[in-house]
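Take a look at the structure below.
Note that the coordinates shown come from a computational prediction; the quantities given were computed from them, not determined experimentally.
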Amino acid sequence: MALLRALLQKLSANEPAERPAPTPQAPAPEAECVKHLRPLAERRQLLAVRHQGSEYQSLILALDTQRQLLWLDELFPRALNLEPGDELTVSYHENGRLFEFNAPVVGWSTPQRSGGLALPLPEQFYLGPRRRWPRLDVFGWYPISARLGVPGLSPLCGEVLNLSAGGIRLGLTGDWRPFLHHRDILPLCEFTVAPGLKVRCRVSVCAFNLSQRPWRQTRVSLSFVDLPTDTRNALAAFVVNQQSRALAA
């Protein structure tokens, strides 16, 4: 009995001490963008998606906050030229406010690159008025001529009515409505704002109408598609400078 008691004491001495229960860790704070994306996912809100001048629609399939991924449904119409790393611009606007961010494609839900798209949750996004850039009316006091490329036609010449770092409104003499279509990407818009500040890029057709005043002309609103960042910044600075001078006059 003494030998058995000694053996039991030895075994109990070798048993590891009972470990304290791990302290539960507080969940990681939710990314700021998720607060805006989650309501859109819950109501299956259609989103606008842009890639290299083309426009699509999609909706959020899932928010994977553990892996910091956003899963979008397959783009409509189907995008056949997407590659890993291609940047998409995703946006939604309502009541004059815009939510928008850029993110690269990092994966697909199937090896055939069909179905859902995976994007990293954006660290930066824009949330604010839909019109992000101040607009400057130049018609009648600061003449700016522009050339607009329309497929099937020689370049059209017109006069800039107003401009911003996001786009312009152009007056084209005559009725060109049959050749314009909403959301079309036009291959060329070219004009010089000031010495050293020349704009040359593709544009997207936002709206157009026929006006009879001061003469018969087609007024078309265009947004810049691939304007270089330095040119956009210079154009924004020009607009702000001209507005400041007008206020000081």
Side-chain angles (χ1 to χ4, degrees), residues 31-65 68-109 113-135 151 163-170 180-187 189 201-209 220-229 232 235-236:
E32 186 68 24
C33 67
V34 175
K35 299 176 183 178
H36 303 287
L37 292 169
R38 194 179 301 284
L40 300 178
E42 290 175 349
R43 65 175 185 258
R44 298 183 65 81
Q45 177 65 54
L46 279 177
L47 306 175
V49 181
R50 299 194 303 275
H51 172 245
Q52 295 181 352
S54 298
E55 297 193 4
Y56 307 90
Q57 288 184 324
S58 184
L59 51 82
I60 299 172
L61 294 178
L63 293 169
D64 186 346
T65 55
Q68 295 292 295
L69 291 177
L70 163 67
W71 286 93
L72 291 181
D73 196 8
E74 184 173 16
L75 302 185
F76 177 81
R78 186 176 180 185
L80 302 176
N81 58 339
L82 279 180
E83 295 291 337
D86 281 2
E87 187 173 78
L88 303 182
T89 299
V90 182
S91 63
Y92 169 70
H93 63 81
E94 183 179 30
N95 298 328
R97 292 184 64 80
L98 174 70
F99 173 67
E100 182 177 85
F101 63 88
N102 297 325
V105 177
V106 295
W108 284 262
S109 59
R113 296 187 180 181
S114 60
L117 290 169
L119 313 177
L121 288 175
E123 296 181 359
Q124 297 182 339
F125 57 88
Y126 174 79
L127 178 64
R130 186 178 178 185
R131 184 172 295 281
R132 300 174 59 177
W133 309 101
R135 179 195 300 176
L163 59 87
S164 73
I168 63 170
R169 186 161 175 79
L170 194 61
L180 300 171
H181 302 89
H182 184 52
R183 295 185 177 179
D184 270 3
I185 303 297
L186 303 183
C189 180
C201 65
R202 294 185 301 160
V203 288
S204 173
V205 178
C206 300
F208 54 89
N209 67 286
V220 54
S221 297
L222 306 163
S223 62
F224 303 132
V225 171
D226 49 8
L227 187 67
T229 301
R232 190 184 300 274
L235 189 54

Is there a donor-acceptor contact under 3.5 Å from the side chain of [X] to the main chain of [Y]?
X: R232; Y: A165; result: yes
X: H182; Y: C206; result: yes
X: D73; Y: L59; result: no

Measuring only between side-chain heavy atoms, which start at C-beta, is [X] closer than 4.5 Å to [Y]?
X: L72; Y: L61; answer: no
X: I185; Y: S204; answer: yes
X: L82; Y: W108; answer: yes
X: L235; Y: F224; answer: yes
X: P151; Y: L186; answer: yes

side-chain hydrogen bond (donor to acceptor under 3.5 Å, both in side chains) with E100: which residues, sequence neighbours excluded?
R50, R132
Could you tell me which residues satisfy side-chain hydrogen bond (donor to acceptor under 3.5 Å, both in side chains) with R38, sequence neighbours excluded, listed by chain and number?
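With sequence neighbours excluded, R38 shows a side-chain hydrogen bond (donor to acceptor under 3.5 Å, both in side chains) to E30, given in chain and number order.
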What's the separation between atom [atom1] in [X] and atom [atom2] in [Y], rounded to the nearest 0.5 Å?
X: L75; Y: E55; atom1: CG; atom2: CD; answer: 12.0 Å
X: T89; Y: H51; atom1: OG1; atom2: NE2; answer: 9.5 Å
X: Q124; Y: C33; atom1: CD; atom2: SG; answer: 11.5 Å
X: L117; Y: L69; atom1: CG; atom2: CG; answer: 12.0 Å
X: D86; Y: L119; atom1: CG; atom2: CG; answer: 11.0 Å
X: W71; Y: S58; atom1: CH2; atom2: OG; answer: 12.0 Å

Could you walk me through whether L63 and L70 pass side-chain contact (heavy atoms from CB on, under 4.5 Å), step by step?
CA-CA 5 Å; L63 293 169; L70 163 67; 3.5 Å; yes
Which pair of non-hydrogen atoms, one from V34 and one from P39, has the smallest distance, and what is that distance?
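Looking at all heavy atoms of both residues, the closest pair is O-CD, 4.4 Å.
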Determine the minimum heavy-atom distance between L121 and L37, stating which atoms define it.
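For L121 versus L37, the nearest heavy atoms are CD2-CD1, 4.0 Å.
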Taking the basic N atoms (NZ, or NE/NH1/NH2) and the acidic carboxylate oxygens, is any pair closer than 4.0 Å for E32 and K35?
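Salt bridge flag = yes for K35 with E32.
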Using the rule ring-ring contact (aromatic ring centres under 6.0 Å, His included), only one of F99, F101, Y126 pairs with H36; which is it?
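By the ring-ring contact (aromatic ring centres under 6.0 Å, His included) criterion, H36 pairs with just one of F99, F101, Y126: F99.
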Is it the case that over 12 heavy atoms from other parts of the model lie below 6.0 angstrom from the CZ atom of R183?
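Result for CZ/R183: open.
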Evaluate whether atom CD of E123 has more than 12 neighbouring non-hydrogen atoms of other residues, nucleotides or ligands under 6.0 angstrom away.
no
Residue pair V205, H181: steps toward the side-chain contact (heavy atoms from CB on, under 4.5 Å) verdict
CA-CA 7 Å; V205 178; H181 302 89; over 6 Å; no
